[in-house]
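Take a look at the structure set out below.
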Number of protein chains: 2
Amino acid sequence: MLSKRSQYALKALGYLAFKFEQGPILISEISEKKKIPLKFLEGILLELKLAGILESKKGKGGGYYLAKHPGKVKVATVIRLVNGPIAMLPCVSLYFYQRCENCNEKKCALHDMMIEVRDATLNIVEKRTLIDLMES
Amino acid sequence: MLSKRSQYALKALGYLAFKFEQGPILISEISEKKKIPLKFLEGILLELKLAGILESKKGKGGGYYLAKHPGKVKVATVIRLVNGPIAMLPCVSLYFYQRCENCNEKKCALHDMMIEVRDATLNIVEKRTLIDLMES
DNA sequence: TGATTACCCTACCAAGAACATAGACTAATA
DNA sequence: TATTAGTCTATGTTCTTGGTAGGGTAATCA
């Protein structure tokens, strides 16, 4: 399962994609529209900014906005950033790989099955961008 | 990601499938062969027994063994039992469904994408059984 | 200058994950 | 009948997640 944090991140980004090139959007507006606890959202947006997905402006007329075109931000990237591995096991993760101590990967049946699951998932989330999440 | 507990459960069941119809297998044997902390494994096997996947025999010559043919136990069933939902979001889960408060499912873009991911995953784990995990 | 807003702390709480430890109970067998 | 091999049960620790609450600083605009 995705953490609440990731779910909120995707929802917020979907909203910011919808409001793309309409100037900075208030945290409070996103919080209300997407029903996300404000203080929690604050931290999430900051993380997305530090990762280069969002930019922000302080002061009156300030807020958050997408750093690039929504079509350039893949869903997979967001999930990996906020949630971590997409794979079901560390030993089949591309970006968060960790060796299994209790099996040798060459002939681990579980390993092979989980690679299939991973690829099936990646096939979807690597192709989708924030455009596919755009929503009021 | 699958929890350690689920990973261990699948490994243990793979071993018990391999030893199918060879009498009760010691927890300690599974623990050694599959490198699973013994006491942790005890709890996992007990859970699998209570769910009807395993049976056990106490006392000398005792141990755990599969309650049914390994081909009858789906990987999906084990994951749902030990790990919980297979879907990435509660609002797209078949067995652990929970409504989203912050979107209406009819037109939630995230919802639709996650249904796709779920189906791609189910397409694999619903078709595989303990036979596919059989291993020494 | 003053209001607005992002940014950045600290502290707290409750629940679950991933173990580890200790011991109680049960059944076969020598 | 006593021993031993084995399951079963309960508790405790440490870490992460998902929050709540509050305060303070810095940038920006009118």
Side-chain angles (χ1 to χ4, degrees), chain A residues 1-12 16 19 23-32 34-51 53-67 79 81-85 88-90 96 98 100-102, chain B residues 1-12 16 23-32 34-51 53-65 67 79 81-85 88-90 96 98 100-102:
Chain A
M1 295 265 288
L2 292 181
S3 63
K4 278 282 181 182
R5 192 177 174 88
S6 331
Q7 194 182 338
Y8 289 158
L10 290 169
K11 294 256 182 183
L16 288 175
K19 292 270 188 177
I25 310 294
L26 294 185
I27 297 181
S28 56
E29 180 182 337
I30 306 171
S31 163
E32 277 169 37
K34 294 316 218 171
K35 304 260 168 52
I36 303 172
L38 192 128
K39 282 293 196 174
F40 200 12
L41 180 57
E42 223 184 88
I44 295 168
L45 295 178
L46 194 54
E47 186 182 0
L48 293 170
K49 182 197 163 185
L50 294 177
I53 293 172
L54 295 180
E55 282 175 8
S56 68
K57 201 182 166 196
K58 288 184 185 178
K60 202 165 193 174
Y64 277 98
Y65 52 97
L66 285 179
I79 294 181
L81 175 68
V82 184
N83 204 74
M88 278 190 162
L89 292 178
F96 298 83
Q98 276 182 307
C100 253
E101 323 86 45
N102 52 348
Chain B
M1 294 265 289
L2 293 180
S3 64
K4 277 281 180 185
R5 190 175 176 89
S6 329
Q7 195 183 338
Y8 290 157
L10 291 168
K11 295 254 180 185
L16 288 174
I25 311 294
L26 295 184
I27 297 183
S28 55
E29 180 182 337
I30 307 172
S31 162
E32 275 168 37
K34 295 317 224 174
K35 305 258 169 52
I36 303 172
L38 192 129
K39 282 296 189 175
F40 198 14
L41 180 57
E42 258 185 39
I44 296 168
L45 294 178
L46 190 56
E47 185 181 0
L48 293 169
K49 183 197 162 185
L50 293 177
I53 293 173
L54 295 180
E55 282 174 8
S56 69
K57 202 181 163 200
K58 288 184 186 177
K60 205 166 191 171
Y64 277 99
Y65 51 97
I79 294 181
L81 175 67
V82 184
N83 203 75
M88 279 189 162
L89 292 179
F96 298 84
Q98 276 182 306
C100 252
E101 322 86 46
N102 51 349

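Computed over heavy atoms, backbone and side chain alike; hydrogens, waters and symmetry mates excluded.
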| Going by heavy atoms in the side chains, are Arg5(B) and Glu47(B) under 4.5 Å from each other? | yes
| said: For a quick check of understanding: with a heavy-atom distance under 4.0 Å over all strands, which category does Gly43(B) fall into, base, sugar-phosphate or nothing? | reply: nothing
| request: Would you classify Leu26(A) as touching base, sugar-phosphate or nothing, given that sugar-phosphate means primed atoms plus P, OP1 and OP2, and contacts are heavy atoms under 4.0 Å? | output: sugar-phosphate
| query | Quick one: does Asn83(B)'s side chain have a donor or acceptor within less than 3.5 Å of a partner on Ser3(B)'s backbone? | reply | yes
| query | Can you check whether Lys57(B) has a side-chain N or O nearer than 4.0 Å to OP1 or OP2 of dT26(C)? | reply | no
| said: Reading DNA chain C from 5' onward, which residue's closest nucleotide shows up sooner: Leu50(A) or Gly61(A)? | reply: Gly61(A)
| said: In whole Å, I'd like the distance from the CG atom of Leu41(B) to the P atom of dG6(D). | reply: 14 Å
| query | Looking at the side chain of Ser3(A), which of dG18(D), dC8(C), dT7(D) is the nearest nucleotide? | reply | dG18(D)
| query | Are any non-hydrogen side-chain atoms of Leu45(A) and Ile30(A) less than 4.5 angstrom apart? | reply | yes
| query | Do Gln7(B) and Leu89(A) have side chains that get closer than 4.5 Å, going by heavy atoms? | reply | yes
| said: What's Ile27(A) touching, base or sugar-phosphate or nothing? Going by heavy atoms closer than 4.0 Å. | reply: sugar-phosphate
Could you write out each protein N or O paired with an N or O of nucleotides 19-22 of chain C at a distance under 3.5 Å?
residue: dA22(C); atom: N6; partner: Lys39(B); partner atom: NZ; Å: 2.7

| said: In this structure, how many angstroms lie between the C1' atom of dT4(C) and the CD1 atom of Ile25(A), rounded? | reply: 16 Å
| query | Is a side-chain donor or acceptor of Ser31(B) paired with a backbone partner of Ile36(B) at a separation under 3.5 angstrom? | reply | yes
| remark: Leu2(B) atom CG is separated from dA17(C) atom P, nearest whole Å, by 13 Å
| request: Report the nucleotide, chosen from dC8(C), dA27(D), dA30(D), that has the shortest atom-to-atom distance to any side-chain atom of Lys60(A). | output: dA30(D)
| remark: Value for CG (Leu16(A)) from NZ (Lys34(A)), rounded to nearest 0.5 Å, stands at 10.5 Å
| Expressed in angstrom and rounded to an integer, what is the separation of Lys58(A) atom NZ from dT4(C) atom C1'? | 13 Å
| query | Rounded to whole angstrom units, what separation is found between the CG atom of Leu54(B) and the P atom of dC8(D)? | reply | 10 Å
| Interatomic distance where CD belongs to Glu55(A) and P belongs to dA27(D) [whole Å] | 17 Å
